[in-house]
Amino acid sequence: MNNSLKDWVDITSGVNVRKCMRCGKCSATCPSYDEMEYHPHQFVYMVEKGDIEPLMKSDSLYRCLTCFACIERCPRNVEPAKVVEAVRLAAVRKQGNNHLIPDQIPAMLDDALPQQAIVMAFRKYTK
Amino acid sequence: METFTYYPGCTLRTKAKELDRYARASAEALGICLEEPAEWQCCGGAYTIAANEPATKLSAVRTLNAAKELGRPLITVCSACHNVIKQTNYDISRNEAMQTKVNNYLGLEVPYRGETKIYHYLEMLRDVVGFDKLADKVVNPLTGKKIAAYYGCLLLRPSKAMAMDNPENPTIMEDFISAVGGTPVIWAQRNECCGGYITMEDKSQAAKRSNAVMNNAEDMGAEMIITACPLCLYNLEKNSDSELPVFYFTELLAEALGVKEAADNE
Amino acid sequence: MQEAMIKRAKELLADGTVDRVMGWKKGEFSYDHTPAVFTSAQELDENFVCDDFTSANLSKYLVKETVRDGKILAFLKPCDTYSFNQLVKEYRIDREKVYVIGIPGGPKLDIEKIRAKGITGILNIRNENYTLKIETIYGVSEMPFYEAIGVKCESCKSKKHVVYDELIGEDGEVLDSNRFDMVEKLENMTSQERYDFWRSELSKCIRCNACRTVCPACTCEKCVFENPDSGIENKAAADSFEENMFHIIRAFHVAGRCTDCGECSRVCPENIPLHLLNRKFIKDINSLYGTYQAGENTTDKAPLNEYKMDDCEASIVHERGAE
Amino acid sequence: MQVNNNNEFQPLIVAFCCNWCSYAGADLSGTNRLNYPTNVKIIRVPCSCRVNPMFILRAFQRGADGVILCGCHPGDCHYTSGNYFTRRRMTLLFSMLDFLGIERDRTRVEWVSAAEGAKFAATMNEFTEAVRKLGPNRRLEDLRCRKQ
Amino acid sequence: MQRIGVFVCHCGTNIAATVDVKAVAEALGHEPGVVISQDYQYMCSESGQYLIKDAVKEHSLTGIVVCSCSPRMHENTFRKAAAAAGLNPYLVEIANIREQCSWIHKEIATATEKAIILGRAAVAKVHLNAPLTAGESPVVKRALVIGGGIAGIQTALDIAEAGFEVDIVEKEPTIGGKMAQIDKTFPTLDCAACILTPKMVECAQNDKITIHSFSEIADVKGFVGNFTVTIKKKARFVDETKCTGCGLCTEKCPMKKVPNEFNMGLDNRTAVYIPFAQAVPKVAAIDPDYCLMLKNGKCGVCSKVCSVGAIDYKQTDKFVEEKYGAIVVATGFNPIKIDKYEEFAYNQSPDVVTSLELERLMNAAGPNGGTLLRPSDKKHPHTIVFVQCVGSRCDDENGKPYCSKICCMYTAKHAMLIREKYPDTEVYVFYIDVRTPGKNFDEFYRRAVEQYGVHYIKGMVGKVTPKSDGKLDVQAADLLANEQLHIDADMVVLAAAIEPDKSARPLATMLTTQMDTNDFFTEAHPKLRPVESATAGIFLSGACQGPKDIPETVAQASAAAAKAIGLLCKNSITCNPCVASSDELMCNGCSSCEKVCPYGAITYIDKEFRMPDKTTRIRRVASVNPAVCQGCGACTVACPSGAMDLSGFSNSQIMAEVDAICK
C-alpha cells in the first residue's frame, strides 16, 4: 500500500472515499462502463485500500468522460469522477507520461471538430 | 435594456459561429444587450477538479473578475464555458484557501471572492426575459415540431455548482421549446453524455454514446434535437448513425423571433 | 444635537406620549454629567445635557423606571440600544413603557485620559474642531480630541441602533472593530505572562463594586455575592478573592449576555481592563459557536442556553496552541 | 495538597461525577478492582450540568490542585441534553481560566459511561499524574485557606 | 442543633480489609454535630438497619451518614430504615467507601485517610440536608392517542381494555393509516385487512374509545397527569351524527375526477367520498377543493339524495377542549417524495411506481381489483425490477441518512407474491445490503430467492430509460459479476425511504418533546425508557419514533399503552422531591432557566410582591412544576442570580462537600 500516493489522491480529489457504502450506483450509471478495465466503484474501493498503482497503469483513466453522472447520483456524496481525475493527474504528471502529445493532434483533426475538444484533451491528458 | 457581459469562448468564434451569431441576433431582438469584454481568455475548456491546485482556475477567474469590474452579470452560451466558469466561481466563493491562492497569483487590487453572477443564455431567457414574454415575441412559431432537448452532461452537472435546474428532470429547455411554439419530447437520455471528451481519441466509444442518445430521441418520436454545446452537436452529427438533425437552440430561437435570415446575411 | 433633543423631549412630554425623560444632567464640572430623570420642560432646560462627556449607558436605569407607571422617554446611543434590547429580551425592561429615541454615538471623552496628560485643576473643556481647549485653574491647555476618547469608544463595534421608536440624527452601520486585538495579544502570551498581567491588574481591585453597579447585565434582584445561600457570599474586599472569584464569576454570569458596552472599564477607579474578560468570552463564543452579538435582537437564543450536538469538546482549550 | 513519606507531591483532585453514567463508571472500576490514586475524591451530582463554575473555583480556592468533571457521553445524557450545556459552559470556563494564566492541565472534562470502569480508572491515573507534574496550585488558591 | 449519627460498615472484609473502620468511626465522631459514630459488620443487614433505627430514636438523630457501599446500591435501603424510625428519608447521606475507596486502594493508611475525608464530606452535606416530601399531583384518568394508524389503534385498544377512557385524534376522515393500504403482511403473508379492520371496528364499538376523525391537535397545555388539549375538528361538510355511510351521495356526485389518495392517485374518486369500504367512522366527507357546490355554489346533488339530511355545506372547523392524564404520540410515517431521483424516470413513465403504489396495484380492493397490470397500458408485466434504498442511507439533502428498515422485507414480499401469482414474470431486486433481522425474516427472504426464484442482484440501478415500445431500459450494476446490465423491464418499483409525518414537528413543539434532526421523536432513553419521551406523561408509539415494521409497531404500541396505563392507574403521581425550585425574591424573570429545561418544567408567572415600603409590585418570576421537573440541575447554573436551586443537591450542600474535601 502506497500511503503517500493515497494521501496525494485524497487531497487532490478532495474526496473522502471512506463514505462509500458500496452500492455501485456509480458503476450502474457510468456511460463508459464497458470500456473500462476498472469501474468507478473499483476506483473508489482501490483508492480506499491504497491500491492505486494498477489504476495508474490502466487505460480506464482515459475512458472516464467526466460527465459527472456518478457524482450527481452517488447517494453518499463520494464523487467518484473526482477520484478518477486525481489518479489520472497522478499518472500524467509522472515524467514522460503525457497521454497526449502535440504531434499526435493533426492526425486527429477534421474540419468540424470544435476547439474545445482539443483544449479539453490537453487539459485532461497532459501535465 | 439590460446589459450583460458576454463571454463567447473559443469555439463560438471558430467552429460554432452559428451558435454565437444567432445568440446575439436574438438577444438584440429581445432587448438584451450583450457586451463582449475587450479582452478575454480561454475558459480552460475543462474544469480541473484538483481541489488544491489554483493554476487551472486562473483564466476563468480573470474572466469573472473582468465582469465584476464592469459591474454586470456574465452570460455564456457554450455549455463547456458555462460549466467551467460556474464551477470555478462556486469553488472560489466557498473554498477560502483556494480563493487566497488564486488572488495571490493574480495580484488583483481588489481580491475576487466569487461576486459575479453567471447566467447561461437559457437562464437569461428564463429568469430575465421570461419564457412567457419570449412566447409573446415569437413571430414564426415552430408549431407541430416535435423537438428533443439535449442537455448533455455539462449543462446541469454538478448540480450544486450549476444550480440551473433539476439535474435529473430538467425543464428549462423544454419550456424554451414550448415558448417558441414547438412540442417538447421528454426522453431519458437527454442528460446522458454524448462521449464528447473521448471523441478525439476513440471514435468508436464516442459513436456508442452518441447512438445511444440519438436512438432514444428518435425512439421517443423526436423530429429534431437541440443543444447548447458545440461538442455535443459535433459528436451527435458526426459519430452517430442517426439522420436526426441537430441544431443549436439559438438557431431555433433566431428563427422563431424572425431574425435568422438577417443574422445569416450579416 | 442637545437642543434638538430637548425640543423633542418637551414635545413628547407636552403631548402626553411620555411623562418622564431619561437623560443626563449637568454636573458640577463640564465633565461629570450623570444619568437623570426629568419630568418637566423647566428641568430639561436647566439641566439636560448631551455632549462629549455623556457616555453613561442609560439602559440599565430603565429596569427600575419601567417598574413604575407611565411611559418614559430614553435617549440611547447605538451601543446602549444593544443593552436595551438584551434587557428587553430578559424581561427586565418593559418595552411598552419606553419611548426610545436613538441618538448618534460617540466617540465620547474620558476625563481620566486628560488627567493622564498631567492636566489638573480642570474647570471647563471645549471641543474646537477636534482640539480640546481645557481651562484649568492654571490657565488653558490643549490636546487633540482623539487622544482623550474613552476606552469603550476606541474600539466601537457599531454605529447602528438595533432598536428605536425614532431617530435624531442618522443611523450608522455595524463596524469592523479591532476590539479583540488586546484579547488576542494576551492569548499569545505565555501562561505565566498572562497570570502576571492579570494578577497585577486584578490585585488593584478595591471591591468598590462600581463595575457591577454600572453593568447593564448585572440587574439581579439580589447579587449572588450578597446571598448567604450561594456559598460565595462576599461583600467587601478580602485578600485574593477578587483575583480568583469575583471577576471570573461576574464575567461568567454575563457571558453570552454582555453586549460589550464597556461601562465596567469606564467606571473602574483603578482602571482595570475588565472589559477584556467579557471580550474573551465573546471572542470564544464567536469562534466556537458562531458569531453572536448579545442584544442585536430580542429573539436569538443565548449561546449558553443552547447547544449543538457537534459542539467542540472542552479539550479544545488544551489543544489550542502549545506554549 | 499533601506530601507523603518520600516527599513526592500529592495533588488533591476533586472529581464531579454525574449520578447516571460517570458515578456508576467509578463504581464499576471499584467492582473490577481497578486502582487509581487516593488523591481523587468524588462528589456526586445528578448531572454534569449541575456543576456550577463556582464549585470549581471554590475547590481551587480551597486548595484543590486539579478539578475534573465527568458526565455521560454526548447524546447519552440521562436528562437528554444536560451534558451539552456542560460542554459549552466548561469550554468557556476553562478557556477563561487559561486566559487568566491558570495552567490548562488543572481542569478537564471527560465523558465516562457507566460501562467504562477501566476508562474511569485510566482517566484518573492520567489526570492525577498530569496535575502532579504541574506541582501545587498557587495561582488560584486563596492564601487564607493554605494549609500550614 | 444538628444531631448526626455516623455508621461505618465493614462489609465483611470488603471494606474492613483495606480501611481501618474503627479509625474512621473514631475520626468522624469528632466532626461537629456528630453525636454517635459506630461501626458494624453489615450495615445493610436487618440487624445493621436496627442499629440505625435504634440510634435514631435513642439519640433523636436529625441526620444520618452511612459509610458503606455505593449509594446506587443501598441508598434506598437506608432511607427506608430512617423513615421507619420516623426520620425523613432525605436526611440520609452515603459516603461511598467501598467502590470508591477500599476496592481500589491497597494501602490501609491512605485508604483510611481518604475514607475519613469522604465521610467528612457526607457529614458536611447532611448538615444542610432538608427534609423533603415527595409532592403529589392528581391524574386525569383519560388518555389521548394522536394518530389512528395501527400504532394508535393498538395503543387505544389496550388502554381501553384496562378500563380507561381514550380518545383517538386522526387527521384523515378514517382511522386505519398506512396499514389499511397494504395488501399482505410479512413474514406470514396474511391479509392486512383481515387483521386491521376488526381492530378498527372494535375501536368504533368500544364505548371507552372516542374517535375524532378528520381532526388535528391545535394546542397542548399542562403537564403529566393533567394535560389540556384543544382539538380542531376540521369541517367535513357532513354531519357525522346523521350520516349512515350508505354511499348514495358518492354514487351520484357528478365530480368524479378527483385523484384517489387511498389508491395513491392511481384512480379517481368523487368530491364527496368515503375513503374506502371499511372506513371507520364510515362517514362521508366533502372535498372542498373539488366540490362544485362549495366552489361555485352550483350542484347540491349529494344534499338532494341524502335521505337523512346529513350534508351541511355551511359546516366550519370546530374546536373542542379535553383534559387528559397521558398522551401517546402515534403520528406514523410517509414515503418520501422521490422527485430528486428522476434518473429512475418516475415522472416520465407511469410504469415506474413506488412500493406503496404497487401495494395498491396488487390489492384486491385496489384500482385493478387485485390483478397486477401495468398502469400505462393495463397489460400484464413480464419483467419487473425492484430498486432498494431509494432515498435511504443518503448523505445528501435529497434523501435520508438512515436505513428505512422495512423496505428489504416488503420488497421480498412483493417479489414473492408476484412470482407466486404470475410464475412467468421475472423479478429482479437490486440491493445494496439485504437487511432482515427479525423473527423468521431472513428465512422469508431466502424463500423468495430459493423457492420463488427471485433474482437478487448486488448493485444499484443507475438509469431507467423509457422507450416508445412501452419497455423500460434499466441500466444497472451487478457488482458481483462485475458487469453493467441492461434489463428490458415492464415495470420498475422503487423502495422509497420513509419519513415521519409532516404534522410531527409542530406537534413536538406543542408537546415540548424532543426530536432528532430527521424529525423522529426522541425516546427518553433508548434502552431504559424506549417508549417514553423525555417529557413526563408523553409516550411514543410506532414509526413516529423511528422506522418500524408492523410487528414492532404493535409491540411498541402495547408497550406505550402499558406505560400510559401505569400512569392512569394512579390517583396521583408521586414526584421526585429532588427537584429545582426558584427563590422568587431573587428571581429576575429572565427566562434563562426556561430555555435550558429539557422537560418544559419551568413556566413564568406574574406575581404580586409587597415591597419594603409597603407598596406592591408585580414581578415576573420562574415557577417550577415539581411534577414535571426531573432534577438535572441545568437551570441552576443557567440562572444568573442564583435564585434557582436544586433540593438534595443544593449549591450550599455541594459547596460544603467541596470545602470538606479540600479542608
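Just so we're on the same page: letters track the sequence lines, and every chain starts at 1.
Within 6.0 Å of OH on B:Tyr90 lie more than 12 heavy atoms contributed by other residues, nucleotides or ligands.
Expressed to the nearest 0.5 Å, how far CD of B:Gln205 lies from CE of A:Met36 amounts to 8.0 Å.
The pair A:Asp111-B:Lys15 does not meet the salt-bridge criterion, since no charged nitrogen lies less than 4.0 angstrom from a carboxylate oxygen. Between A:Arg73 and B:Glu192 there is a salt bridge, with a side-chain nitrogen of the basic residue lying less than 4.0 Å from a carboxylate oxygen of the acidic one.
Neither the backbone nor the side chain of A:Ala86 comes within contact range of chain B, judged by heavy atoms closer than 4.5 Å. For A:Leu65, the parts lying near chain B are the backbone and the side chain together; criterion is any non-hydrogen pair under 4.5 Å. Using a 4.5 Å cut-off between heavy atoms, B:Ser159 contacts chain A through both its backbone and its side chain. Looking at A:Ile118, both its backbone and its side chain come within 4.5 Å of chain B, counting heavy atoms on both sides. Interface remark: A:Glu35 contributes side-chain atoms only to the contact with chain B (heavy atom separation under 4.5 Å). Proximity to chain A is limited to the side chain of B:Glu168, based on heavy atoms less than 4.5 angstrom apart. Contacts of B:Pro230 with chain A are made by both backbone and side-chain atoms, with heavy-atom separations under 4.5 Å. At a 4.5 Å heavy-atom cutoff, B:Cys81 makes no contact with chain A through either its backbone or its side chain. There is no contact between A:Asp10 and chain B, counting heavy-atom distances below 4.5 Å.
The greatest number of non-hydrogen atom pairs below 4.5 Å with chain B, out of A:Arg63, A:His99, A:Lys82, is found for A:Arg63. Ranked by heavy-atom pairs shorter than 4.5 Å toward chain A, the options B:Cys194, B:Cys153, B:Gly196 are led by B:Cys153. The residue among B:Cys42, B:Cys10, B:Pro158 with the most heavy atom pairs within less than 4.5 Å of chain A is B:Pro158.
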| said: Run B:Met200 and A:Ile105 through side chain to side chain contact (heavy atoms under 4.5 Å, CB included) and show every step you take. | reply: CA-CA 9 Å; B:Met200 282 177 61; A:Ile105 301 281; 3.8 Å; yes
| task | Test side chain to side chain contact (heavy atoms under 4.5 Å, CB included) on A:Glu72 and B:Leu156 and set out the steps. | result | CA-CA 10 Å; A:Glu72 199 63 53; B:Leu156 303 169; over 6 Å; no
| request: Would you check, one step at a time, whether the test side chain to side chain contact (heavy atoms under 4.5 Å, CB included) holds for B:Cys43 with A:Gln116? | output: CA-CA 10 Å; B:Cys43 67; A:Gln116 67 186 103; over 6 Å; no
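A donor-acceptor pair under 3.5 Å is absent between the side-chain atoms of B:Thr11 and the main chain of A:Pro114, judged by distance alone.
Closest approach of A:Cys67 and B:Arg157 over heavy atoms only: O-NE, 2.8 Å. Of all the heavy atoms in B:Ile198 and A:Tyr62, the pair that sits closest is CD1-O, 3.0 Å.
A 4.5 Å side-chain heavy-atom check between B:Gln87 and A:Phe68 finds at least one atom pair inside the cut-off. Residues A:Met120 and B:Leu231 have side chains in contact (heavy-atom distance under 4.5 Å, counting atoms from C-beta outward).
With hydrogens and angles left out, the side-chain atoms of A:Gln115 and B:Thr14 include a donor and acceptor closer than 3.5 Å.
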